[in-house]
There are 2 protein chains.
Amino acid sequence: MKTEKISEAVVRRLPVYLRFLNELNMKNVQTVSSQDLGNKLDLNPAQIRKDLAYFGEFGKKGIGYDVNYLIEKIRQILKLNQDIAVALVGAGNLGRALCNYNVYLKDNMKITAIFDDSPDKVGTSINNLQVHPMKELVGTIREEAIRIGIITVPASEAQSVADEFVRGGVEAILNFAPVIIKVPMHIRVHNADFTTDLQSLAYYLDE
Amino acid sequence: MKTEKISEAVVRRLPVYLRFLNELNMKNVQTVSSQDLGNKLDLNPAQIRKDLAYFGEFGKKGIGYDVNYLIEKIRQILKLNQDIAVALVGAGNLGRALCNYNVYLKDNMKITAIFDDSPDKVGTSINNLQVHPMKELVGTIREEAIRIGIITVPASEAQSVADEFVRGGVEAILNFAPVIIKVPMHIRVHNADFTTDLQSLAYYLDE
DNA sequence: TAGATTGTTAATCGATTAACAATC
DNA sequence: TAGATTGTTAATCGATTAACAATC
């Protein structure tokens, strides 16, 4: 176990490992090697071993990794074994789509509050969650100990939503709006804007 | 202008530059420096200059970059100035959300065909586009010269959808399903799975 | 034991940043 | 001209991969 700073690239691969390990687990596979993982995930086996070794010695030489044990460990590392409340702002199509993923997330992360200021949305329900007006955001974050905020509003409103999240005291933000938002340094932001994905794909078209 | 291989990291930043340049353009800003861009986008100005310099000399020493000219150039580089037809498979919540973004994409990339095999979806319309059964996918790709495929089906079906896209002859795939799909090497795949984003965010929570 | 596979070090590769001459 | 800012080289930093002793 090292105490080096873990790079973002490493952290981003852990959920990918976890996902495949869960698949293996459902198929009752007991053990997996870095070789197997690498083949399936298109990654170098040495990289996978190194990634895992940052956090501990999880494998057995000559054998590989115990699937269940590794799942447990990665869930610990990612803090997915504790309940994490998530709030979402923006009850449009994308927001609703994300709320429906609640069901799929077997881990303890759940969207527990939805906000939107448009009058035709406030009061409606998505997946048994009522849509609340933005003025209740800060209070709810505090009362329900919400730690992560998701932004699915148009770009023009993303910054002001981020500001409210910060005021409420979330620790991290997942931003789907196509704009770079500014937040205090201690708050982690991940951008998940698929227009960027799509546009960079175009670059690789044949001509 | 270099002829070096351009790294993926560079290509992924170009749409981000483009986005902000479009904002500037709407505000009638004529000129922008790498300094300005860096401030706004949280990037090192040297990096921005270097990224752009891979493709040509777009700036003027002592002045900066002409906003309109740079927009034009980046659109050329990303091939966003040619019409690109996109097909989407999976008319669930996420699929519908993406179709609604058609309106926002000012560039010439458009979702022009939607597919889904569930009987309650075939025949319905999303944004004036009819949902077609999967058996029509390959034919439509060829007839409508579709070059990019978007996958918004559950993980269990993602690989078979990818196979069909490949059979039809798309050049690139944007995969929203939480699974690594296998395609021939010449086809570009970008993964846009937000469960991974969300799980890696959890790592950065305070404890 | 022989074969397999880890954890880790060293080597390589690539990406970011600093610095500055060129020049608008 | 003086100040600003590019394009580019060199320096730095960081991430990936290869190799192998340790060991199950």
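Just so we're clear, the structure is a prediction, and the values are computed from it rather than from any experiment. Naming convention: chains lettered A, B, ... in sequence-line order (proteins, then strands); numbering from 1 in each chain.
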Taking only the side-chain nitrogens and oxygens of [X], find out if one of them lies under 4.0 Å from OP1 or OP2 of [N].
{"X": "A/Ser7", "N": "D/dG14", "answer": "no"}
{"X": "B/Tyr65", "N": "D/dA4", "answer": "no"}
{"X": "B/Ser34", "N": "D/dT6", "answer": "yes"}

Rounded off to whole Å, could you give me the [atom1]-to-[atom2] distance for the [X] and [N] pair?
{"X": "B/Gln35", "N": "D/dG7", "atom1": "CD", "atom2": "C1'", "result": "16 Å"}
{"X": "A/Tyr54", "N": "C/dT6", "atom1": "OH", "atom2": "P", "result": "17 Å"}
{"X": "A/Ile63", "N": "D/dT23", "atom1": "CD1", "atom2": "P", "result": "14 Å"}
{"X": "B/Leu41", "N": "C/dT17", "atom1": "CG", "atom2": "P", "result": "14 Å"}
{"X": "A/Glu8", "N": "C/dA15", "atom1": "CD", "atom2": "C1'", "result": "15 Å"}
{"X": "A/Leu37", "N": "C/dT5", "atom1": "CG", "atom2": "C1'", "result": "12 Å"}
{"X": "A/Phe58", "N": "C/dG7", "atom1": "CZ", "atom2": "C1'", "result": "12 Å"}
{"X": "A/Lys61", "N": "D/dC20", "atom1": "NZ", "atom2": "C1'", "result": "12 Å"}

TODO: Specify whether A/Phe58 and A/Tyr69 have parallel, tilted or perpendicular ring planes, treating 30° as the upper limit for parallel and 60° as the lower limit for perpendicular.
DONE: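 The arrangement is perpendicular - the two ring planes meet at more than 60°.
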Nearest to the side chain of [X] - [options]?
{"X": "A/Ala53", "options": "C/dA19, D/dT6, C/dT8", "answer": "C/dT8"}
{"X": "B/Lys50", "options": "C/dC24, C/dA15, D/dA10", "answer": "D/dA10"}
{"X": "B/Arg49", "options": "D/dC20, C/dT17, D/dT6", "answer": "D/dT6"}

Open item on the list: For a 4.5 angstrom cut-off between non-hydrogen side-chain atoms, does A/Arg12 reach A/His190?
Closed with: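 Result yes, sub-4.5 Å side-chain heavy-atom pair found.
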Task: B/Asp163/B/Gln159 under side chain to side chain donor-acceptor pair (under 3.5 Å): CA gap, chis, key distance, verdict - done: CA-CA 6 Å; B/Asp163 293 343; B/Gln159 182 62 58; 2.8 Å; yes
TODO: Tell which nucleotide pairs with C/dC20, taking only Watson-Crick or G-U wobble pairs whose two distances are both under 3.5 angstrom.
DONE: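 Per the H-bond distance test, D/dG7.
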- [ ] Determine which nucleotide pairs with D/dC13, using a 3.5 Å limit on both distances of a Watson-Crick or G-U wobble pair.
- [x]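 When the pairing criteria are applied, C/dG14 turns out to be the nucleotide that pairs with D/dC13.
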Open item on the list: Reading DNA chain D from 5' onward, which residue's closest nucleotide shows up sooner: B/Gly59 or A/Lys60?
Closed with: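 Here B/Gly59 is the residue nearer the 5' end.
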Open item on the list: Closest-nucleotide mapping onto DNA chain D: is A/Asn44 or B/Ser33 further toward the 5' terminus? I mean the 5' end.
Closed with: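 Going by which nucleotide is closer to the 5' end, it is B/Ser33.
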Task: Salt bridge present between A/Asp117 and A/Lys135 (N-O < 4.0 angstrom) - done: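 Not counted as a salt bridge, because no side-chain N and carboxylate O are separated by less than 4.0 Å.
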Open item on the list: Check whether A/Tyr203 forms a cation-pi arrangement with B/Lys79 (NZ or CZ under 6.0 Å from the six-membered ring centre, at most 45° off the ring normal).
Closed with: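 Pair B/Lys79/A/Tyr203 counts as cation-pi.
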